[in-house]
There are 2 protein chains.
Amino acid sequence: MSYQERKGILRFPKATFERLKLYHAFLSQIHAEGKIYVLSEDIAEMLRITPEQVRKDFSFLETKGKPKVGYVIKELLDELDELFGTGVDENIIIIGAGHLGSALVNYKGFKNIGVRVAAIFDNDPRKIGTMVGDLMVLPLKDLSRVIRRFKVKIAAICVPESAAQQVADLLVGHGIKALWNFSTRILDVPPNIIVQNEDITRGLLGVKHMLAESEKSSSIDAMKVNEG
Amino acid sequence: MSYQERKGILRFPKATFERLKLYHAFLSQIHAEGKIYVLSEDIAEMLRITPEQVRKDFSFLETKGKPKVGYVIKELLDELDELFGTGVDENIIIIGAGHLGSALVNYKGFKNIGVRVAAIFDNDPRKIGTMVGDLMVLPLKDLSRVIRRFKVKIAAICVPESAAQQVADLLVGHGIKALWNFSTRILDVPPNIIVQNEDITRGLLGVKHMLAESEKSSSIDAMKVNEG
DNA sequence: TAGATTGTTAATCGATTAACAATC
DNA sequence: TAGATTGTTAATCGATTAACAATC
């Protein structure tokens, strides 16, 4: 029985799921460094959580550790890879060929999580036809064709805030299921559409706040914040 | 008594603080559209939470609403602006003049949250001296001078994963207090250093997972995920 | 074996939801 | 006034932490 099938039954607490993504990142890292085993203590230290939390989270997985030895990194990683479907490639499109859109096209990390950029779009005639990385910038009229051809379900919105809602409407109209929103705009879309807000200013607001706090009191814990 | 002073006493639950950032974004939006009042119901709908949650969160603020009228948008916004210190400018630096670093330099949203990019650095001789937006790419040897001169506390890490830890060590060595980490690397830094992980692949992992879930069951709620 | 580490259950803590009185 | 909406307290739910037995 695969994870896909089991998932309906075996559910993770939301908080656990968020941390599983971090474990995945850290485990990939130390696996690449050639490490074989890892202790809950090692993971906890890097992620600034407790070892108990790590073990509790892992108790939702099938991988088991050995007392005094820890967990086999590869085993955890394989289970998480299957859980996150990093092997199953998903085609995404990017709307907006500005700085951010271009950065995404050239982003190297997608292959690790089973994501591929199928196309990039813009409505500026001066950008259409130019190359961004390996891709030629397409006009929005090609949207429908590309979405159908590559079975695209996820679209990244990299347009100015003023155009974000309009673009979201257009994408939803063409059957896009999930919006990866890099604009600061809070999007208004039907409830069945997944929205992942990636507005980076929000992270910085938190940092500014923590800095202000730490300047007053020197005893600060839990200052490592992770997205997710 | 200002918020800065009060903050030590008046604490927000962490979950509330995260939502306050979203309220701030949404309120900015409708304020710009010229709206004067807002109901907890309106906010809840856009943010995919409940009106009760909104009112509960607002109960930690000083701004009060009026039954049947709602909240004065400007009043909420002013309080949140003060709370987040969006008026107090903070200088940040960017390490890595690749696609992402350049996108950040050109990012328009910083001014809304009181952040200014003071400089961008790279160690590639071919990039040093070139212009990125209004800034000239500086060599890392200028780091110390710039940090002191602009009282920089926050640094964005936009270098490849392989260089991220090294860059983090360098920055911490120069007195940087908060790392805004765009690499996929989980950084190992002293506990008094604030780390905000902005690795975007993590958001996409969640989206892929939700898509897989929604393909099995059609009754899905809580699918709008916000960074924080 | 003794000591270290895992895995799990129980206790605590924090966050959300429900209920409802107050008020416009 | 009646109805809608806020603000707050109490009840529920979920997540973290503590405790500790199992095991290598």
Side-chain angles (χ1 to χ4, degrees), chain A residues 9-23 26-27 30 35-76 79-80 206 221-226 228, chain B residues 9-23 26-27 30 35-76 79-80 206 221-226 228:
Chain A
I9 311 149
L10 188 107
R11 297 299 294 106
F12 303 97
K14 190 182 177 322
T16 294
F17 183 79
E18 289 309 309
R19 280 188 301 268
L20 289 179
K21 293 192 264 179
L22 292 169
Y23 300 146
F26 179 59
L27 293 168
I30 57 177
K35 292 195 68 181
I36 307 297
Y37 296 100
V38 67
L39 301 177
S40 60
E41 174 76 37
D42 303 335
I43 299 174
E45 199 188 343
M46 280 296 279
L47 267 40
R48 298 183 174 185
I49 56 180
T50 66
E52 292 83 3
Q53 180 77 267
V54 175
R55 294 202 299 276
K56 178 81 189 194
D57 288 337
F58 285 178
S59 74
F60 293 98
L61 302 177
E62 300 205 321
T63 303
K64 300 298 165 210
K66 273 207 186 76
K68 304 201 55 175
V69 178
Y71 302 84
V72 178
I73 295 167
K74 184 69 166 52
E75 214 178 308
L76 279 171
E79 187 172 1
L80 290 174
D221 355 0
M223 289 201 307
K224 188 165 191 172
V225 177
N226 299 298
Chain B
I9 310 147
L10 189 107
R11 297 300 294 105
F12 303 98
K14 190 183 178 322
T16 293
F17 183 78
E18 290 308 310
R19 282 188 300 267
L20 288 179
K21 294 192 263 180
L22 293 169
Y23 300 145
F26 179 60
L27 293 168
I30 57 178
K35 293 196 67 181
I36 307 296
Y37 296 100
V38 67
L39 300 177
S40 60
E41 175 77 37
D42 303 336
I43 299 175
E45 199 188 344
M46 280 296 277
L47 266 39
R48 299 183 175 186
I49 56 181
T50 65
E52 292 82 4
Q53 180 81 80
V54 174
R55 295 201 299 275
K56 178 81 191 193
D57 288 337
F58 285 179
S59 74
F60 292 97
L61 302 177
E62 300 206 323
T63 303
K64 300 298 165 210
K66 273 209 185 76
K68 304 200 59 176
V69 179
Y71 303 83
V72 178
I73 294 167
K74 185 68 166 50
E75 214 177 309
L76 280 171
E79 186 171 1
L80 291 174
D221 355 0
M223 289 202 307
K224 187 166 192 174
V225 177
N226 298 298

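Every chain is numbered from 1, with letters handed out A, B, ... down the list of sequences.
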> What is the distance, rounded to the nearest whole Å, between atom CZ of B/Phe17 and atom P of C/dG14?
Replying inline: 18 Å

> Expressed in angstrom and rounded to an integer, what is the separation of A/Gln53 atom CD from C/dT12 atom C1'?
Replying inline: 14 Å

> If you check every side-chain atom of B/Lys68, which of C/dT17, D/dT17, D/dT5 has the closest atom?
Replying inline: D/dT5

> Measuring from B/Phe60:CZ to B/Leu20:CG, what's the distance to the nearest 0.5 Å?
Replying inline: 9.0 Å

>> Which nucleotide wins on minimum distance to the side chain of A/Pro13, given the candidates C/dT6, C/dA15, D/dA15?
In response: D/dA15

>> The side chain of B/Ala15 is closest to which nucleotide in this list: D/dT6, C/dA15, C/dT17?
In response: C/dA15

> Does the pair A/Val54 and A/Ile49 meet the rule for a side-chain contact (heavy atoms from CB on, under 4.5 Å), with working shown?
Replying inline: CA-CA 8 Å; A/Val54 175; A/Ile49 56 180; 3.8 Å; yes

Can you give me every donor-acceptor pair (side chain of residues 35-42 of chain B, partner residue at least two apart or in another chain, under 3.5 Å) with its distance?
from: B/Ser40; atom 1: OG; to: B/Arg55; atom 2: NH1; distance (Å): 3.2
from: B/Asp42; atom 1: OD2; to: B/Leu39; atom 2: N; distance (Å): 3.1

>> Let me confirm one number: the CG-CZ distance from A/Leu76 to A/Phe58, rounded to the nearest 0.5 Å.
In response: 4.5 Å

>> Working to the nearest 0.5 angstrom, can you tell me the gap between B/Leu27 CG and B/Leu80 CG?
In response: 6.5 Å

> Can you tell me if NZ on B/Lys64 sees more than 12 non-hydrogen neighbours from other groups inside 6.0 Å?
Replying inline: yes

>> What is the distance, to the nearest angstrom, from the CD atom on A/Glu41 to the P atom on C/dG3?
In response: 19 Å

>> So, taking the atom named CZ in B/Phe12 and the one named CZ in B/Arg19, what distance separates them when rounded to the nearest 0.5 Å?
In response: 12.0 Å

> Taking CG from A/Asp42 and P from C/dA4, how many angstroms apart are they, rounded to a whole number?
Replying inline: 15 Å

> Under 4.0 Å between a side-chain N or O of A/Arg19 and OP1 or OP2 of D/dA15?
Replying inline: no

> Whole-Å distance between D/dG14 P and A/Asp57 CG?
Replying inline: 17 Å

> About how many Å separate CD of B/Glu79 and OH of B/Tyr23, when rounded to the nearest 0.5 Å?
Replying inline: 13.5 Å

Kindly give the atom pairs (protein nitrogen or oxygen, nucleotide nitrogen or oxygen) under 3.5 Å for nucleotides 7-11 of chain C.
from: C/dG7; atom 1: OP1; to: A/Gly65; atom 2: N; distance (Å): 2.4
from: C/dG7; atom 1: OP1; to: A/Gly65; atom 2: O; distance (Å): 3.2
from: C/dG7; atom 1: OP2; to: A/Tyr71; atom 2: OH; distance (Å): 2.4
from: C/dG7; atom 1: N7; to: A/Arg55; atom 2: NE; distance (Å): 2.9
from: C/dG7; atom 1: O6; to: A/Arg55; atom 2: NH2; distance (Å): 3.0

>> How many whole angstroms separate atom CG of A/Leu47 from atom P of D/dT16?
In response: 13 Å

>> Identify the stems formed by DNA chain D, where each pair is Watson-Crick or G-U wobble with both distances under 3.5 angstrom and a stem is at least 3 consecutive pairs.
In response: C:3-24 with D:3-24

> Whole Å only: how far is the CD atom of A/Glu18 from the P atom of D/dG14?
Replying inline: 17 Å

>> If I take atom CD1 in residue B/Ile43 and atom P in nucleotide D/dT5, what distance separates them, rounded to the nearest angstrom?
In response: 13 Å

> When rounded to the nearest 0.5 angstrom, what distance separates CG in A/Leu61 from CD in A/Glu75?
Replying inline: 10.5 Å

> With a non-hydrogen cut-off below 4.0 angstrom, is A/Ser40 in contact with a base, only sugar-phosphate, or nothing?
Replying inline: sugar-phosphate

